[in-house]
Amino acid sequence: MNIAIKQSSDIQNASLQITGSKSESNRLLILQALYPELQIENISNSDDSQVLQQALSSSNPTVDIHHAGTAMRFLTAYFSRKEDREVVLTGSERMQQRPIEVLVRALQELGADLQYDKNEGYPPLLIKGKKIDKKEVTLQANISSQYISALMLIAPTLSNGLEINLEGKVTSVPYIEMTLSLLRDAGIEGSFDGNLIKIKPKNKVTPKTIVVESDWSSASYFYSIVALSNEATITIGSYKENSYQGDSALATIYKSLGVDTVFNDTTVTLRKNNKVKPTIVSPLDLSNSPDIAQTIAVTCFGLGIGCYLTGLHTLKIKETDRLEALKAELEKLGAEVIITNDSLELMASNTIKREVAIETYQDHRMAMAFAPLGIKTSLTILEADVVSKSYPDFWKDLETLGFVLAKN
């Protein structure tokens with residue numbers, strides 16, 4: 001399905017309910033599978049979370065997680081310690097091109113039994129679950145935090161818990177801290193001190209219900225809409241000021257782009273501040289929140305200002321190479337963009353081309369990051385239903401705001 005967006009400058013003030021955080025939901029689903037005493041409310045309705053739930057309840061010898069990268073990493077660790085269970089863990093063609101060697105090697109160091117079923121270093125994996133007694137493992141600190149979180153989530157079920165030594169500068173710290181916070185919410189002891197993570201063993205937890213905060217990555221698109229609008233005010237829920245999610249940095253980043261953030265009890269209100277001349281701190285290090293890089297780059301382009309974003313090395317191994325994809329699609333619209341392995345520089349420009357078709361590369365964030373430009377120009381988002389990966393109600397919510405959409 002493609003969606004044409006007619007220039008929609010008249011954005012309505014509105015209140016929207018955003019689905020639960022995919023990042024929090026997926027971590028809690030693994031914990032719930034390990035500790036059935038836990039109950040979860042406001043679980044993400046994203047494809048990724050649904051795929052993970054199906055995989056955790058499946059007894060099939062082959063588990064296919066399609067495009068769900070988080071599920072691939074978390075389930076690799078989960079099935080490794082699932083005694084007496086043998087499974088082939090596979091995914092889409094793109095998933096079979098995304099490296100997983102770092103996590104496999106770490107699990108093998110701990111004594112897990114994993115083999116590559118096709119190509120060395122990549123899914124699918126043949127996993128023979130077994131008891132794991134070793135309690136120490138060392139990883140490079142600049143890898144995807146999902147590898148580290150995958151190990152942290154199974155750590156309390158290992159005989160002796162787990163100590164993870166991280167070598168070098170740690171990236172994506174908020175995602176590691178999120179995992180640790182959710183473990184603590186579940187009643188599991190752990191610490192993250194310098195480059196050492198320690199998780200204590202826990203056989204059983206006290207029954208409790210954990211409520212998932214709404215997704216800050218999804219909130220980014222509404223920050224972009226308000227920034228690009230003339231005077232919009234949008235209230236979204238359910239959010240809290242002291243969030244576990246690194247993407248909550250949006251509140252600070254978008255202040256300089258003309259968006260004020262007001263926290264209420266369970267909602268957050270985004271207001272256009274026309275007294276602020278949009279600028280952005282350059283360089284802006286997004287190593288702790290790389291998932292909002294696409295949104296920020298597109299917002300800056302729509303505002304006619306430049307930006308220099310760094311700390312983006314993990315974007316190269318996402319659903320697509322997001323740096324290459326951003327460069328290609330922004331340049332279609334008239335932008336000048338320079339990328340490296342871990343940075344993106346956008347030159348200031350007041351030119352925005354019309355009637356451009358945006359490729360999404362099977363990447364939900366490409367579709368949602370470019371959609372707010374419908375305030376400034378008319379464009380078409382190709383394969384627009386890819387948003388279901390993290391935010392199935394996205395297009396419906398845009399229509400609520402006054403966006404004029406035509407599906408074809």
Side-chain angles (χ1 to χ4, degrees), residues 23-40 43 48-66 68-91 95-96 98 100-118 121-137 139 144 146-164 179-180 182-183 186-188 190 197 199-205 207 210:
S23 297
E24 288 188 24
S25 294
N26 290 350
R27 285 161 171 77
L28 287 170
L29 286 168
I30 294 292
L31 286 176
Q32 184 183 52
L34 297 170
Y35 299 99
E37 307 93 318
L38 298 174
Q39 298 297 315
I40 313 170
I43 293 177
D48 278 17
S49 293
Q50 291 181 14
V51 164
L52 181 55
Q53 289 178 79
Q54 291 164 7
L56 289 168
S57 62
S58 172
S59 58
N60 294 335
T62 298
V63 173
D64 186 348
I65 53 75
H66 308 290
T70 308
M72 173 59 71
R73 278 104 181 233
F74 288 1
L75 289 171
T76 296
Y78 173 80
F79 285 126
S80 293
R81 47 77 52 214
K82 193 75 172 170
E83 294 181 53
D84 303 320
R85 175 81 190 272
E86 183 172 320
V87 65
V88 173
L89 183 60
T90 189
M95 187 59 60
Q96 294 181 37
R98 296 175 69 176
I100 198 162
E101 183 178 11
V102 170
L103 179 57
V104 169
R105 194 185 314 122
L107 288 163
Q108 288 172 335
E109 275 185 37
L110 290 170
D113 188 348
L114 302 91
Q115 300 172 37
Y116 298 109
D117 200 46
K118 192 181 290 185
Y122 300 88
L125 302 173
L126 173 60
I127 306 172
K128 298 177 181 179
K130 58 182 288 191
K131 185 177 181 180
I132 297 175
D133 294 317
K134 293 183 181 177
K135 63 170 291 185
E136 291 187 23
V137 68
L139 295 167
S144 168
Q146 290 181 12
Y147 297 140
I148 299 166
S149 289
L151 296 171
M152 292 172 69
L153 290 168
I154 65 164
T157 68
L158 306 187
S159 304
N160 300 298
L162 186 62
E163 294 185 6
I164 304 172
T179 305
L180 185 59
L182 293 171
L183 285 165
I188 295 159
I197 300 168
I199 310 293
K200 292 189 176 181
K202 187 88 169 179
N203 292 326
K204 194 174 182 179
V205 300
I210 300 176

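Note that the coordinates shown come from a computational prediction; the quantities given were computed from them, not determined experimentally.
- Counting all heavy atoms, side chain and backbone alike, Lys134 lies closest to Gly111 at CD-N, 4.4 Å.
- A 4.5 Å side-chain heavy-atom check between Met72 and Arg98 finds every atom pair outside the cut-off.
- Judged by distance alone, the side chain of Asn160 and the main-chain N or O of Asp133 form a donor-acceptor pair under 3.5 Å.
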Show, in sequence, the C-alpha distance, side-chain angles and deciding distance for Asp113 and Ile127, and conclude whether the side chain to side chain contact (heavy atoms under 4.5 Å, CB included) test is met. CA-CA 6 Å; Asp113 188 348; Ile127 306 172; over 6 Å; no
For residues 78-86, which side-chain N or O atoms pair as donor and acceptor with protein atoms under 3.5 Å away, sequence neighbours left out?
| unit_1 | atom_1 | unit_2 | atom_2 | d |
| --- | --- | --- | --- | --- |
| Tyr78 | OH | Lys82 | NZ | 3.3 |
| Ser80 | OG | Thr76 | O | 2.6 |
| Arg81 | NE | Thr157 | OG1 | 3.1 |
| Arg85 | NH1 | Ser58 | O | 3.4 |
| Arg85 | NH2 | Ser58 | O | 3.3 |
| Arg85 | NH2 | Asn60 | O | 3.0 |

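- Rounding to the nearest 0.5 angstrom, the gap separating the CD1 atom in Ile132 from the OG atom in Ser159 is 8.5 Å.
- Using a 3.5 Å distance cut-off with no hydrogens or angles, the side chains of Asp64 and Thr90 do not pair a donor with an acceptor.
- Taking Arg27 as the reference, Ser149, Thr179 meet the side chain to side chain donor-acceptor pair (under 3.5 Å) condition, with sequence neighbours excluded.
- Contact record, Ala150 with Ala77: O-CB, 3.5 Å, taken as the closest heavy-atom pair.
- Side-chain contact check for Pro207 versus Gln39: every heavy-atom pair is 4.5 Å or farther apart.
- Two residues are said to be in side-chain contact when any heavy atoms from C-beta on lie closer than 4.5 Å; Ile188 and Val205 meet this criterion.
- Between the CD1 atom of Ile164 and the CD atom of Glu136 there is a distance of 11.0 Å, given to the nearest 0.5 Å.
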For residues 101-110, which side-chain donor-acceptor pairs fall under 3.5 Å, sequence neighbours excluded?
| unit_1 | atom_1 | unit_2 | atom_2 | d |
| --- | --- | --- | --- | --- |
| Glu101 | OE2 | Arg105 | NH2 | 3.4 |
| Gln108 | NE2 | Leu114 | O | 2.9 |

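- Residues Leu75 and Ile65 meet the side-chain proximity criterion, which asks for heavy atoms closer than 4.5 Å.
- Atoms CG and CG, on Leu153 and Leu182 in that order, are 8.5 Å from each other to the nearest 0.5 Å.
- Between Gln53 and Leu29, the closest side-chain pair of non-hydrogen atoms falls below 4.5 Å.
- Nearest approach of Met152 to Pro156, heavy atoms of both residues: O-CD, 3.4 Å.
- Between Thr62 and Leu89, the closest side-chain pair of non-hydrogen atoms is not below 4.5 Å.
- Closest approach of Phe74 to Gln146, counting heavy atoms only: CE1-O, 3.7 Å.
- Between atom CD1 of residue Ile199 and atom CG of residue Leu151 there is a gap of 10.5 Å, rounded to the nearest 0.5 Å.
- The backbone N or O of Lys202 sits less than 3.5 Å from a side-chain atom of Tyr35, completing a donor-acceptor pair.
- Of all the heavy atoms in Tyr116 and Tyr122, the pair that sits closest is CD2-O, 3.4 Å.
- Counting heavy atoms from C-beta outward, Ile30 and Leu52 have side chains that approach closer than 4.5 Å.
- Counting all heavy atoms, side chain and backbone alike, Val51 lies closest to Ala68 at CG1-CB, 4.3 Å.
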Decide yes or no on side chain to side chain contact (heavy atoms under 4.5 Å, CB included) for Ile148 and Ile197, but give the supporting numbers first. CA-CA 9 Å; Ile148 299 166; Ile197 300 168; 3.6 Å; yes
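- Looking at Leu28 and Asn26, their side chains never come closer than 4.5 Å, going by heavy atoms from C-beta outward.
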